[in-house]
Amino acid sequence: MEESGLQLTFALIGIFIGIAIGALGYRLLSKSQRQVSNIKLRLLESERQVAELKADMSRHLVDTHRQIYDARAALEQLEQRLKQEAGAWAIASDALTGNEDSSLKTAAQEPLADEANASEGHPPRDYADGQNGTLSEDFGLKATDDEAAQAPQPPRY
């Protein structure tokens, strides 16, 4: 009987230890499950916000496109009205269309004065006049005494 009681005691101790290990494991796993579920909720919330932002951006782009279309239509109406009034005043429509080309040129399309002078047959040089023939680091930076005296000094703080 003593041996059967000892086995029963070991079995009960094993069951209690198993229950304790199971409860501890469940508690640890449930924390990680809660963390996973919280992360999933945050991910779903972020995805919802991204979807809202996409929808808002889509509406914004559609509104902008509509406004551009309306502006173009208004511009075309204004141009037609201008041509009609020019016809009524017997102004040549060529004079109106000639100004369109010149007014649409940008500063980037117009040649610079230096570029116009450079294109008169002289290629750009990477050498200096004189005996050495190469440009020094301070080429063109030397100032006369009058210019140095008149040059503004930087502020000192």
Side-chain angles (χ1 to χ4, degrees), residues 18-157:
I19 290 173
I21 290 174
L24 182 65
Y26 176 76
R27 188 169 178 95
L28 291 175
L29 290 177
S30 68
K31 283 184 182 178
S32 65
Q33 288 296 333
R34 275 186 263 151
Q35 290 174 348
V36 168
S37 65
N38 288 339
I39 290 172
K40 284 182 182 179
L41 286 175
R42 283 188 285 175
L43 177 65
L44 290 174
E45 180 66 22
S46 298
E47 287 176 352
R48 185 190 61 78
Q49 289 175 351
V50 167
E52 282 182 10
L53 287 174
K54 283 183 180 180
D56 290 343
M57 183 58 79
S58 176
R59 277 184 295 230
H60 173 70
L61 291 175
V62 168
D63 289 343
T64 304
H65 184 267
R66 188 182 76 251
Q67 289 174 353
I68 289 173
Y69 179 77
D70 292 344
R72 283 183 185 158
L75 182 62
E76 289 174 5
Q77 288 176 355
L78 184 62
E79 186 178 358
Q80 290 298 324
R81 191 167 140 202
L82 181 65
K83 285 182 181 180
Q84 289 172 355
E85 290 180 8
W89 287 93
I91 298 175
S93 63
D94 294 337
L96 293 176
T97 58
N99 290 337
E100 289 177 1
D101 295 336
S102 64
S103 66
L104 293 178
K105 282 187 178 179
T106 61
Q109 293 172 341
E110 296 176 3
L112 297 174
D114 294 338
E115 291 175 358
N117 293 339
S119 64
E120 292 178 355
H122 300 290
R125 302 183 318 170
D126 59 351
Y127 57 91
D129 294 328
Q131 296 175 359
N132 294 339
T134 59
L135 292 177
S136 64
E137 289 183 7
D138 58 349
F139 179 75
L141 298 178
K142 294 179 182 177
T144 63
D145 293 332
D146 295 335
E147 291 175 0
Q150 293 176 355
Q153 295 296 322
R156 299 186 186 261
Y157 297 107

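Count residues from 1 along the sequence. What you are looking at is a predicted structure, and each value in this text was computed from that prediction instead of being measured.
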For Asp63, check side chain to side chain donor-acceptor pair (under 3.5 Å) against everything at least two apart and list the hits.
-> Arg66

Sidechain-backbone polar pair: Ser37 side chain, Gln33 backbone, donor-acceptor under 3.5 Å = yes

One should read off an interatomic distance between Leu53 CG and Gln49 CD, to the nearest 0.5 angstrom, of 7.5 Å

Non-neighbouring partners of Thr64 that pass side chain to side chain contact (heavy atoms under 4.5 Å, CB included), sequence neighbours left out = His60, Ile68

Among all residues two or more places apart in sequence or in another chain, which pass the side chain to side chain contact (heavy atoms under 4.5 Å, CB included) test with Gln77?
-> none

Cut-off 3.5 Å, no hydrogens considered: what does the side-chain donor-acceptor table look like for residues 69-76, sequence neighbours left out?
none

Hey, could you give me each pair passing salt bridge (Lys or Arg N to Asp or Glu O under 4.0 Å) that has a residue in residues 39-48? Not counting sequence neighbours.
-> Glu45-Arg48, Arg48-Glu52

